[in-house]
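Written out below as structure tokens is the structure these notes cover.
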Protein chains: 2
Amino acid sequence: MNASRLRADAAENRARIVEAARSVVSASGELKLNAVARRAGVGQGTLYRHFPTREDLLAEVYRHDVEELVAAAPLLLAEHDPVTALARWFDRVADYARVKREVFAAVEVGVWQDLSTGSVGPIGDAITALLDAGRAAGVVRPDVDARDVILLLGCLTRLDDAEWDTRARHLLHVVLDGLRLREG
Amino acid sequence: MNASRLRADAAENRARIVEAARSVVSASGELKLNAVARRAGVGQGTLYRHFPTREDLLAEVYRHDVEELVAAAPLLLAEHDPVTALARWFDRVADYARVKREVFAAVEVGVWQDLSTGSVGPIGDAITALLDAGRAAGVVRPDVDARDVILLLGCLTRLDDAEWDTRARHLLHVVLDGLRLREG
DNA sequence: ACCTGAACACCGTTCAAGT
DNA sequence: ACCTGAACACCGTTCAAGT
């Protein structure tokens with residue numbers, strides 16, 4: 001829907017920018033725009049032409065990851081009880097986040113990019129589906145929404161690399177426990 | 001222990017820097033060092049002489065807040081059961097954080113500034129005391145530590161001003177529930 | 001011992017000039 | 001229609017020169 005309408009050189013530049021952005025972010029953990037343009041071999045203006053904001057670029061860089069996360073939610077719900085599905089989905093988020101910490105920025109973009117329209121975006125929909133299933137089964141507290149979950153997952157961002165292995169999944173367990181309905 | 005050993009002009013500059021930093025951070029929500037130096041009426045080098053890193057400056061700016069938070073923990077434990085004490089302490093954190101979002105940076109500094117020595121710092125000690133009391137009473141899960149709590153509290157940082165009132169305390173409730181031991 | 005402020009490095013963003 | 005890259009704004013940090 002987009003590439004075909006671009007001039008050939010523009011389409012190639014766009015692809016090279018995204019590719020360069022992936023290298024830069026996975027090498028340094030951060031996204032420096034001038035570095036991306038340099039590595040892609042294009043002028044800075046070209047980068048801005050294709051991606052007006054850094055969020056636009058991040059969203060494209062992680063589009064596949066976000067799509068996979070979104071697609072995983074209904075599959076997990078079909079195979080597991082709601083709490084297990086939520087736990088497994090959290091594990092996937094942690095898997096993505098360890099290698100590319102920046103994926104959280106993309107997740108947040110994915111959730112909030114059309115905040116103005118009242119929609120919560122595809123990731124928000126996925127989380128809502130997981131929460132709804134848990135609520136219907138009476139195992140998830142009724143007073144949490146997708147935004148709450150995103151905010152809580154955000155704590156993974158602050159983990160040092162050194163403590164990731166010992167803390168990431170543990171933190172998600174604690175969060176999951178907080179989301180569950182306390183019996184009694 | 002510090003001001004008396006400084007030359008008079010140095011002591012005054014130091015005080016003016018801290019004062020300027022407080023204004024800047026409460027006005028803009030961020031700490032721009034050149035802006036602090038300008039507002040304090042000192043050269044940038046003077047700022048660096050007194051506070052070699054931005055964390056040193058932040059720690060001084062929020063020293064009183066951090067001390068109050070630390071002092072509150074034993075008081076709350078003396079008056080309430082452990083879970084209530086933890087809940088009240090969380091509420092205080094939220095109170096501080098709403099007005100000055102940057103306080104979290106200071107909290108993190110307060111916790112980790114002597115990470116190398118193995119200590120968790122004063123805030124870490126306060127949290128550990130709260131957790132220990134809860135563990136002893138069998139109401140807090142035994143597998144969480146102060147670092148976990150700091151990371152989870154960090155989710156408040158990402159709240160927009162507009163959603164603070166509706167979400168902040170609610171998020172802390174969810175976190176608190178995650179920290180509690182599930183009966184059965 | 002302490003201070004100043006010019007200067008440098010770095011990054012994001014824009015825009016006039018080109019094809 | 002698209003691209004380039006010089007240029008500007010901004011911020012952090014250093015350091016030679018001063019008192």
Side-chain angles (χ1 to χ4, degrees), chain A residues 1-62 100-102 105-106 108-109 113 157, chain B residues 1-62 101-102 105-106 108-109 113:
Chain A
M1 63 179 261
N2 37 20
S4 54
R5 281 207 158 272
L6 287 176
R7 227 168 60 180
D9 56 342
E12 196 191 329
N13 276 337
R14 194 190 139 97
R16 291 172 69 182
I17 289 168
V18 174
E19 185 55 36
R22 262 190 268 265
S23 319
V24 165
V25 87
S26 77
S28 70
E30 46 189 4
L31 186 65
K32 298 183 186 178
L33 299 183
N34 285 349
V36 170
R38 202 184 323 122
R39 187 171 233 280
V42 303
Q44 305 99 297
T46 306
L47 194 157
Y48 281 87
R49 164 168 273 265
H50 286 289
F51 302 99
T53 73
R54 110 187 277 113
E55 279 68 34
D56 292 325
L57 180 53
L58 266 175
E60 182 58 30
V61 165
Y62 290 117
K100 17 198 175 182
R101 207 73 58 96
E102 288 278 335
E108 295 191 332
V109 168
Q113 57 191 350
T157 309
Chain B
M1 66 180 262
N2 36 23
S4 55
R5 280 207 158 274
L6 287 176
R7 225 168 60 182
D9 57 341
E12 195 191 329
N13 275 336
R14 196 189 137 95
R16 290 172 68 181
I17 289 169
V18 174
E19 184 56 35
R22 262 191 269 266
S23 318
V24 164
V25 88
S26 77
S28 71
E30 48 189 3
L31 186 65
K32 298 185 184 176
L33 299 183
N34 285 350
V36 171
R38 203 183 324 121
R39 186 172 235 278
V42 303
Q44 305 97 300
T46 305
L47 192 157
Y48 281 88
R49 162 169 274 266
H50 287 288
F51 302 100
T53 73
R54 108 187 279 110
E55 279 70 34
D56 291 324
L57 180 53
L58 265 176
E60 181 58 29
V61 165
Y62 290 116
R101 207 72 60 96
E102 289 277 333
E108 295 189 332
V109 168
Q113 58 191 350

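Throughout, a chain's letter reflects where its sequence line sits, starting with A, and its residues are numbered from 1.
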Practice problem: For the pair A/Arg16 (side chain) and A/Val42 (backbone), establish whether a donor and an acceptor sit closer than 3.5 Å, ignoring hydrogens and angles. | Solution: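 Answer holds: no.
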May I have the distance from [X] (atom [atom1]) to [N] (atom [atom2]), rounded to whole angstrom?
{"X": "B/Asp56", "N": "D/dT13", "atom1": "CG", "atom2": "P", "value": "12 Å"}
{"X": "A/Leu6", "N": "D/dA1", "atom1": "CG", "atom2": "C1'", "value": "10 Å"}
{"X": "B/Asp9", "N": "C/dT4", "atom1": "CG", "atom2": "P", "value": "9 Å"}
{"X": "B/Leu57", "N": "D/dT13", "atom1": "CG", "atom2": "C1'", "value": "15 Å"}

Quiz item: Which residue lies toward the 5' end of DNA chain C, A/Pro52 or B/His50, if each is placed at its nearest nucleotide?
Solution: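 This one resolves to B/His50.
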Quick check for you: to the nearest 0.5 Å, what is the distance between [X] atom [atom1] and [Y] atom [atom2]?
{"X": "B/Phe51", "Y": "B/Thr46", "atom1": "CZ", "atom2": "OG1", "result": "11.5 Å"}
{"X": "A/Arg38", "Y": "A/Leu47", "atom1": "CZ", "atom2": "CG", "result": "12.0 Å"}
{"X": "B/Leu6", "Y": "B/His50", "atom1": "CG", "atom2": "NE2", "result": "6.5 Å"}
{"X": "B/Leu31", "Y": "B/Leu33", "atom1": "CG", "atom2": "CG", "result": "5.5 Å"}

Self-check item: Sub-4.0 Å heavy-atom contacts from residues 41-49 of chain B onto DNA chain D, ordered by number
Solution: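 When residues 41-49 of chain B is checked for heavy atoms under 4.0 Å from DNA chain D, the hits, listed by number, are B/Gln44, B/Gly45, B/Tyr48.
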Quiz item: Which residues satisfy the side-chain contact (heavy atoms from CB on, under 4.5 Å) test with B/Arg39, sequence neighbours excluded?
Solution: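 side-chain contact (heavy atoms from CB on, under 4.5 Å) list for B/Arg39, sorted by chain: B/Ala20, B/Ser23, B/Val24.
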Exercise. Only counting residues at least two apart or in another chain, list the ones meeting side-chain contact (heavy atoms from CB on, under 4.5 Å) with A/Arg22.
Key: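 A/Arg22: side-chain contact (heavy atoms from CB on, under 4.5 Å) contacts with A/Val18, A/Glu19, A/Val61.
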Using the 3.5 Å cut-off, write out each protein N or O paired with an N or O of nucleotides 8-11 of chain D and the distance between them.
from	atom 1	to	atom 2	distance (Å)
D/dC11	OP1	B/Lys32	NZ	2.4

Quiz item: Is the shortest side-chain N/O distance from A/Asn13 to OP1 or OP2 of D/dC2 below 4.0 Å?
Solution: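 For A/Asn13, the contact criterion (side-chain N or O under 4.0 Å from OP1 or OP2 of D/dC2) is not met.
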Practice problem: Please identify each residue that fulfils side chain to side chain donor-acceptor pair (under 3.5 Å) with A/Asn34, with sequence neighbours left out. | Solution: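 A/Asn34 satisfies side chain to side chain donor-acceptor pair (under 3.5 Å) with no other residue.
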Quiz item: How would DNA chain C look in dot-bracket form, 5' to 3', counting Watson-Crick and G-U wobble pairs with both distances under 3.5 Å and writing | for bases paired to another strand?
Solution: ||.|||||...|||||.||
Self-check item: A/Arg7, nearest nucleotide to its side chain (from D/dC2, C/dC3, C/dC2)
Solution: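 Nearest nucleotide to the side chain: D/dC2.
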